[in-house]
Amino acid sequence: MIEWVSAVTQGVLLGGLYALFAAGLSLIFGVMRLVNIAHGDLIVFAAYLGLSTTMTFGINPFLALFVVVPVMAGLGYILQRGLLNRTLGEDILPPLLVTFGLSVILQNALLEGYTADPRKLSAGTIETASLSVGGLSVGVLPLLTFAIAVAVIAGLQWVFYSTSAGRGFRAVSDNQEIAQIMGLNKAHVFGLAMALALAVTAIAGILLGVRTSFDPSIGGGRLIFGFEAVIIGGLGSLWGTLAGGIILGVAQTIGGKIDPGWQLLSGHIAFLAVLAIRPNGLFPRVDH
Amino acid sequence: MPEPLLSLNALDARYGDFQALYGVDMQIISGEVVAIIGANGAGKSTLMRSISGLLPNESEQVVFKGRPVGDWRADRIAKLGVALVPEGRQLFPSLSVEENLKLGGAVGRKGQWSLDAVYGLFPVLKERRHQASNALSGGQQQMAAIGRALMANPELILFDEISLGLAPVVIRSIYEAFPDIVRQGMTAIIVEQDISRALSVSSRVYCLQEGRVSLTGRTDDVNRDEITAAYFGLAA
């Protein structure tokens with residue numbers, strides 16, 4: 001019995017990481033209807049950026065966040081205004097194609113720069129530390145990851161619903177033309193949204209790199225996990241995205257408990273089941 | 001004649017291959033209230049889109065405060081002092097009533113209009129300020145849309161079909177607020193299909209017909225027959 005409780009607990013905590021993969025994806029789609037195929041590769045790129053930062057300055061990966069988060073945010077703003085804004089319009093195909101191309105470029109650039117060898121961020125003793133709760137052993141790192149995920153989602157929620165920048169995001173999402181009439185520069189608002197999304201991506205990348213080893217090819221898988229978490233939770237709902245990540249994580253750990261080969265498969269099955277029963281996800285945004 | 005606040009110079013607005021306006025000339029003096037009337041498809045909304053920057057034109061075709069702004073983006077024109085109350089209200093459904101108003105004030109222009117001033121003009125908005133904007137009745141939504149435009153403290157405010165789809169009693173209550181809106185010398189352009197309503201609050205009128213100005217004059221000087229002819233294109 002305790003083994004199953006343990007599997008579910010681990011799944012919930014893993015779900016926090018998936019929610020972080022998903023939050024940026026969800027934010028970008030919500031504000032500008034852009035599906036960013038390169039999102040997973042940007043997560044991996046952030047992990048490598050973390051690797052270079054820890055090696056250059058000899059610091060802990062968690063300290064590297066203070067470098068990687070602002071760098072990724074800045075890159076996000078430049079990427080949006082320099083490239084992605086030009087692809088947005090009536091047709092949804094150009095941004096898909098361009099971000100797919102970006103994904104290929106990123107993977108190959110990482111391969112060129114860091115080789116295909118798996119790498120890992122080393123956070124020291126925290127990686128193996130665990131807490132014992134009523135016979136249940138819970139890793140400190142997964143717990144910390146989950147706590148960070150909840151804090152990030154709460155922070156995004158606050159930005160969206162309690163700041164003037166968030167008001168701008170929602171207004172542009174509702175009606176781009178009227179938002180322009182109100183003096184909002186759409187290009188700038190989109191740039192800010194991408195900066196915010198890649199700041200979250202930076203956190204996700206560092207936590208991924210501390211948790212497991214990574215190589216330039218794993219971005220696609222992270223994109224799928226993020227995408228599934230968004231769809232399970234329901235588009236446009238940040239807390240729903242966290243719930244989606246948790247459901248995906250629990251499905252994977254329970255599947256893995258039954259048979260190690262079923263881990264990924266059971267996550268995908270859970271996703272398909274939700275898609276079949278509730279195509280809009282479990283917590284879709286209702287405002288129309 | 002004083003320097004006009006807004007002038008349109010031979011404005012030919014197009015949507016791709018389709019030309020909606022043909023050589024429209026218009027001068028609006030600061031402090032004026034001007035009505036623009038015309039049948040469906042005459043080009044009234046295109047004119048609003050051109051002035052507010054949603055439809056790009058050649059630079060010199062739209063001159064506001066002496067600056068050629070025909071090719072400016074809408075958000076830059078808004079910051080220069082043009083606000084639009086769009087046809088069909090078009091409030092932001094994800095934003096509460098108060099957030100809609102605050103967004104209107106985001107252009108950062110100073111002036112007499114603030115949240116308190118708008119709530120003073122339309123007290124019902126204050127009662128419902130925390131509700132979702134799409135929970136309001138049509139008339140209240142129109143008040144919120146007007147309030148949102150006023151929050152920008154514009155020098156020129158454009159009203160596009162503000163009585164469309166509203167009950168007569170609601171239209172009357174909205175127009176009753178009109179003198180308060182323009183009292184401080186705000187310049188206004190009113191686009192209406194309801195001709196008598198538009199003429200009652202304006203000092204000058206332009207009539208559009210198939211993309212051309214078919215009649216212009218002081219409201220007091222034009223008579224009903226002239227308007228009918230200009231409106232429908234009947235031989236006078």
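Sequence lines set the chain letters: A, B, ... in the order given, protein chains first and strands last, and positions in each chain run from 1. Since we're looking at a predicted model, the values are computed, not measured.
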Within a reach of under 6.0 Å around OH of B:Tyr22, are more than 12 heavy atoms found that belong to other residues, nucleotides or ligands? yes
With a 6.0 Å cut-off (strictly less than), is the heavy-atom count around CD of B:Glu58, excluding the residue itself, greater than 12? no
Which heavy atom in A:Asn175 sits nearest to a heavy atom in B:Phe92, and how many Å separate them? O-CE2, 3.7 Å
A:Ile178 versus B:Arg89: any side-chain heavy-atom pair under 4.5 Å? no
Do you know the tightest heavy-atom contact between B:Leu95 and A:Ala171? CD1-N, 4.0 Å
Counting neighbours of CZ on A:Arg33 that are heavy atoms of other residues, nucleotides or ligands and sit closer than 6.0 Å, is the number greater than 12? yes
Nearest 0.5 Å please: distance from the CZ atom of A:Phe169 over to the OG atom of B:Ser94. 13.5 Å
Using 0.5 Å steps for rounding, measure from the CZ atom of B:Arg73 to the CD1 atom of A:Ile181. 12.5 Å
Verify the neighbour count for atom CZ of A:Phe271: are there more than 12 heavy atoms of other residues, nucleotides or ligands below 6.0 Å? yes
If you count heavy-atom pairs under 4.5 Å with chain A, which of B:Ala74, B:Ala106, B:Ser52 comes out on top? B:Ala74
Comparing B:Leu54, B:Leu84, B:Val107 against chain A, the one with the most heavy-atom pairs below 4.5 Å turns out to be B:Leu54
From CG (A:Asp174) to CG (B:Leu103), nearest 0.5 Å: 10.0 Å
Apply side-chain contact (heavy atoms from CB on, under 4.5 Å) to B:Gln90 and A:Glu177, showing your working. CA-CA 10 Å; B:Gln90 309 212 40; A:Glu177 274 200 344; over 6 Å; no
Which heavy atom of A:Met182 sits nearest to which heavy atom of B:Ala78, and what is that distance? C-CB, 4.4 Å
Counting only N and O atoms by type, is there a donor-acceptor contact under 3.5 Å from the side chain of B:Asp75 to the main-chain atoms of A:Gln180? no
Greater than 12 external heavy atoms within 6.0 Å of B:Gln19's CD: yes
For A:Ile92, look at atom CD1 and say whether over 12 heavy atoms of other residues, nucleotides or ligands are found less than 6.0 Å away. no
Side chain, backbone, both or neither of B:Arg49 within contact of chain A (heavy atoms, under 4.5 Å): side chain
